[in-house]
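What follows is a set of notes on a single structure, which appears directly below.
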Amino acid sequence: MQILPSNNDGIKVLQASWHPFSNNHFAVLTSDVVFRLFDLSSDLEQPEQEFFLQPILPGKCQNASAICPVAFSFGSDHLWDRFSVFILFSDGSIFVLCPVVPFGSDYSKKYIQEMYEDVNAFGLESSNPNVVTNSHLAIAWLEATFPDLLHQSTDTNLLMSKAHPYAPVDDSLTLQGPLCRVCEENNESEGKSSNCEGKAVGFMYSSAGKDSILVTAWGSGQLQVDALADEIQPQWNIGISTRLNVDSHGQIKSVAMLCDSNSQDPLALRSHRPSSTGSNLKSNIEAVWMGHSPPLLRLAIVDLALSKAPSDSSLSLFPDPLVPERFYCAHGGGLDMVTLHFLPFSYPEMASTPPSVHPILTTGNSDTSSPFLSGFVTVADAYGHVQLIGITCLGECFVVEMKGWKEPTPLQLDIDSKSIKDVEPPGTGMISKELIAGPDPPILPSSSSLKSLTPDSIEGKSTLHHYIKVFHEYYVEYGHKVFIELKEHAYYVKTELEDKQKRLEAVKKSLLSIETKDQEINKRIDRAFKVYELLEKRIDSFKMLPAANKKPLSQAEQEFKAQLDRFADVELDALRSSIAALSVRMKRFAQQSVGGVAGTGVVPWQAPKTGRSHISESQMSLLKSSLEKLSLLNEENNLKLQIIDNELKNKEQ
């Protein structure tokens with residue numbers, strides 16, 4: 001998707017956002033002061049609607065280079081706010097484009113009908129020609145964009161109305177603004193507050209009850225909270241033509257227009273004093289339809305106490321999807337939650353209560369101006385909880401769950417060690433304390449002021465209608481909150497019951513398994529006792545064996561054993577070698593004597609050898625007898641050796 005042309009000459013995308021009333025339309029604000037609306041379902045490159053913004057007229061462009069767009073925000077479900085686009089410039093000026101509607105988007109037919117009747121009732125009946133002219137333009141736009149308004153009898157079953165492509169050929173939208181702020185001290189209008197320093201860096205719109213809240217973030221770390229003192233109304237520049245791109249069937253495909261600001265608008269606002277009394281009710285409504293931009297009412301300035309060194313710190317604002325009085329601010333030091341307690345039309349009794357600021361995440365790097373988040377989104381689930389999902393500049397993702405409407409416990413996010421220290425918040429009940437306490441009773445006027453009014457007078461009827469509407473809104477809003485919470489918590493209770501039922505079944509199965517294992521364990525213990533008894537019996541039987549009563553050797557037995565060891569190791573070996581040598585000599589002598597007698601019968605004469613004496617027969621017989629005795633002795637010694645070996649083996653065993 002190529003949003004900018006190839007020769008963009010340094011044009012940058014300042015902000016991009018999805019349209020809240022369409023799933024296909026994507027809005028882009030660029031640095032060339034052009035607001036574009038793309039329909040991604042039909043064309044990814046050519047915008048469906050282009051608005052070339054000119055916040056300063058040609059005759060008053062001396063400081064145009066110092067003013068550039070910063071951010072934008074779409075309106076919400078509040079009369080013409082749903083068709084409005086609020087654009088913030090660097091000097092803090094806020095401009096409005098109304099009406100801007102994505103082609104083919106769906107809106108509630110009930111609210112469109114209410115706006116249509118409001119224009120017909122208060123605009124066309126006015127005696128002021130400017131009011132009548134502006135009302136005719138608004139009625140023509142509503143009838144052309146939502147043709148269902150003219151066919152109510154045939155389409156009574158439809159709950160939603162689809163926006164058809166339409167743009168007046170001879171007229172273009174007015175860039176309403178800059179919205180001037182009403183100063184309560186001197187009752188004059190101001191274009192910019194002198195209390196905020198630096199440049200405007202962030203912007204957010206939120207609709208809370210009957211109030212339209214605009215929050216501006218400044219580079220000095222301050223948040224400027226304003227509320228619209230009147231309703232947004234559509235405005236056109238008469239005589240400035242619109243460029244239309246039409247297909248072969250005459251259907252509008254795309255629209256481009258030049259949006260100039262009205263130089264007379266701020267001057268008219270300085271003379272405009274909104275009044276809340278019943279006598280000026282009709283004059284206030286006529287003033288709304290004269291084409292003047294609504295003024296801003298200053299609610300509070302919130303100082304986040306960031307580092308004073310940088311003057312252009314990056315701050316991002318994100319609304320809470322469930323609690324409209326709450327929004328989040330991301331900066332270099334972490335993430336803060338801001339809750340508004342005073343709203344001029346919804347909670348006027350809380351005028352003395354300032355906004356509360358609660359840190360959600362702290363990074364410990366409050367001295368730096370660089371943001372620690374590269375992406376952030378708030379998501380609401382079906383249980384009435386909000387999920388804060390963010391991606392840090394290091395590419396890490398974290399999720400913080402905001403349960404109920406309680407104030408959160410801050411988390412410590414350490415970017416260097418890449419860890420989040422989470423403090424478990426206290427458990428909350430099924431129903432919030434706000435709903436249990438009941439609706440806040442509206443403030444009733446004093447009886448003295450009501451006694452001066454009669455029911456038949458115009459002021460009495462207006463006052464009575466006003467307070468009936470106030471009572472209705474207080475209790476209907478409370479009933480709506482109760483209905484939503486009970487409806488959403490029904491699924492939560494059902495899920496909890498199913499989960500506890502599953503856990504109960506799992507516990508029952510575990511108990512049955514434990515009982516079965518317990519029986520097996522008892523059987524194993526019985527078998528172990530039987531084996532133990534058997535082993536004791538075997539030990540007793542082993543104690544009865546002879547070897548079990550073996551006693552240590554006495555001193556004489558130890559000396560005899562030592563002699564046997566010496567005899568076995570030394571003397572027996574020498575004796576065996578002597579017996580073997582004598583046996584060989586005896587066999588050799590016996591063979592020589594037997595060979596001589598067998599040949600002649602006479603022993604042959606042999607010359608006596610030198611060094612050897614002659615042996616007589618008596619000596620020979622003596623030698624034979626000695627050999628026989630030696631053989632007997634050898635056999636006895638062999639038997640003794642066997643006995644000794646057996647004893648040694650028994651000893652070793």
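Starting from 1, each residue takes its place in the sequence as its number. Both backbone and side-chain heavy atoms feed into the values below; hydrogens, waters and symmetry mates do not.
- Closest approach of Met160 to Ser108, counting heavy atoms only: CE-N, 3.6 Å.
- Atom OG of Ser73 and atom CG of Leu214 lie 8.0 Å apart (nearest 0.5 Å).
- Val33 is not listed as a side-chain neighbour of Cys68, based on a closest heavy-atom distance of 4.5 Å or more.
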Between Glu48 and His25, does a side chain to side chain donor-acceptor pair (under 3.5 Å) hold up when you go through it step by step?
CA-CA 9 Å; Glu48 179 186 86; His25 286 79; 3.1 Å; yes

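- By the 30° and 60° cut-offs, the orientation of the rings of Trp80 relative to Phe83 is perpendicular.
- A distance-only check finds a donor-acceptor pair linking the side chain of Asn120 to the backbone of Tyr116 [under 3.5 Å].
- Residues Ala163 and Val101 approach most closely at CB-CG1, 3.4 Å, considering heavy atoms.
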Could you give me the CA-CA distance, side-chain angles and deciding distance for Phe35 and Thr30, then say whether side chain to side chain contact (heavy atoms under 4.5 Å, CB included) is met?
CA-CA 7 Å; Phe35 179 78; Thr30 53; over 6 Å; no

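- When side chains are defined from C-beta on, Thr242 counts as touching Val255, because their heavy atoms get closer than 4.5 Å.
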Show the numbers, then the answer: is there a side chain to side chain donor-acceptor pair (under 3.5 Å) between Glu231 and His78?
CA-CA 9 Å; Glu231 302 293 343; His78 184 75; 3.2 Å; yes

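- A side-chain N or O of Asp336 and one of His331 form a donor-acceptor pair less than 3.5 Å apart.
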Let me see the working for Val34 and Phe51 under side chain to side chain contact (heavy atoms under 4.5 Å, CB included), right down to the final yes or no.
CA-CA 6 Å; Val34 179; Phe51 303 93; over 6 Å; no

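- Here CG of Leu179 is found 8.0 Å from CZ of Phe95. Values are rounded to the nearest 0.5 Å.
- Counting heavy atoms from C-beta outward, Val96 and Val85 have side chains that stay 4.5 Å or more apart.
- Here the side chains of Trp218 and Thr216 are in contact, with some heavy-atom distance below 4.5 Å.
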Please evaluate residues Ser22 and His19 with respect to the criterion side chain to side chain donor-acceptor pair (under 3.5 Å), reporting the C-alpha separation (whole Å), side-chain torsions for both, the decisive distance (0.1 Å), and the verdict.
CA-CA 6 Å; Ser22 176; His19 198 283; over 6 Å; no

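- Side-chain atoms of Glu50 and Leu37, non-hydrogen and from C-beta on, never get closer than 4.5 Å to each other.
- In Asn23, the CG atom is not crowded: 12 or fewer heavy atoms of neighbouring residues, nucleotides or ligands sit closer than 6.0 Å.
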Checking side chain to side chain contact (heavy atoms under 4.5 Å, CB included) for the pair Leu14/Val70: CA distance, chi angles, key distance, verdict?
CA-CA 6 Å; Leu14 302 178; Val70 174; 6.0 Å; no

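- The side-chain heavy atoms of Ile389 and Val400, taken from C-beta on, include no pair separated by under 4.5 Å.
- Between Phe318 and Tyr328, the distance separating the two ring centers is not shorter than 6.0 angstrom.
- For Tyr347 and Phe342, the gap between ring centers reaches or exceeds 6.0 Å.
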Audit row: Leu79, Glu114, side chain to side chain contact (heavy atoms under 4.5 Å, CB included) steps and yes/no
CA-CA 8 Å; Leu79 297 178; Glu114 180 183 356; 4.2 Å; yes

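- The distance from atom NZ of Lys109 to atom CG of Leu159, rounded to the nearest 0.5 Å, is 9.0 Å.
- Interatomic distance, Ile360 CD1 to Cys329 SG, rounded to the nearest 0.5 Å: 12.0 Å.
- Checking Ser346 against Asp211 by side-chain atom types alone, a donor-acceptor pair falls below 3.5 Å.
- Across every non-hydrogen atom of Phe52 and Ala256, the tightest pair is CE1-CB, 4.3 Å.
- Interatomic distance, OG of Ser105 versus NE2 of His164, reported as 11.0 Å (0.5 Å rounding).
- Across every non-hydrogen atom of Ala227 and Ile213, the tightest pair is CB-CD1, 4.0 Å.
- Pro178 is not listed as a side-chain neighbour of Ile94, based on a closest heavy-atom distance of 4.5 Å or more.
- Put simply, the side chain of Thr174 gets close to the backbone of Asn237: a donor and an acceptor are under 3.5 Å apart.
- In terms of heavy-atom proximity, Val302 sits nearest to Val357 at CG1-CG2, 3.5 Å.
- The CG atom of Leu53 sits 9.0 Å away from atom CG of Leu258, with the distance rounded to the nearest 0.5 Å.
- Taking the six-membered ring where the residue is Trp, Trp18 and Phe26 present perpendicular rings, their angle passing 60° and hence far from 30°.
- Counting heavy atoms from C-beta outward, Ser17 and Phe72 have side chains that approach closer than 4.5 Å.
- A tilted orientation is assigned to the rings of Trp141 and Trp236, their planes being inclined by 30° to 60°.
- When every heavy atom of Gln49 is checked against every heavy atom of Pro102, the shortest pair comes out as NE2-CA, 3.9 Å.
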Determine whether Ser76 and Asp81 satisfy the following criterion, side chain to side chain donor-acceptor pair (under 3.5 Å), listing intermediate values before the conclusion.
CA-CA 6 Å; Ser76 184; Asp81 289 9; over 6 Å; no

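- Phe203 and Phe86 have tilted rings, their planes meeting at an angle from 30° to 60° on a 0 to 90° scale.
- A salt bridge between Asp247 and Lys253 is absent, with no side-chain N of the basic residue lying under 4.0 Å from a carboxylate O of the acidic one.
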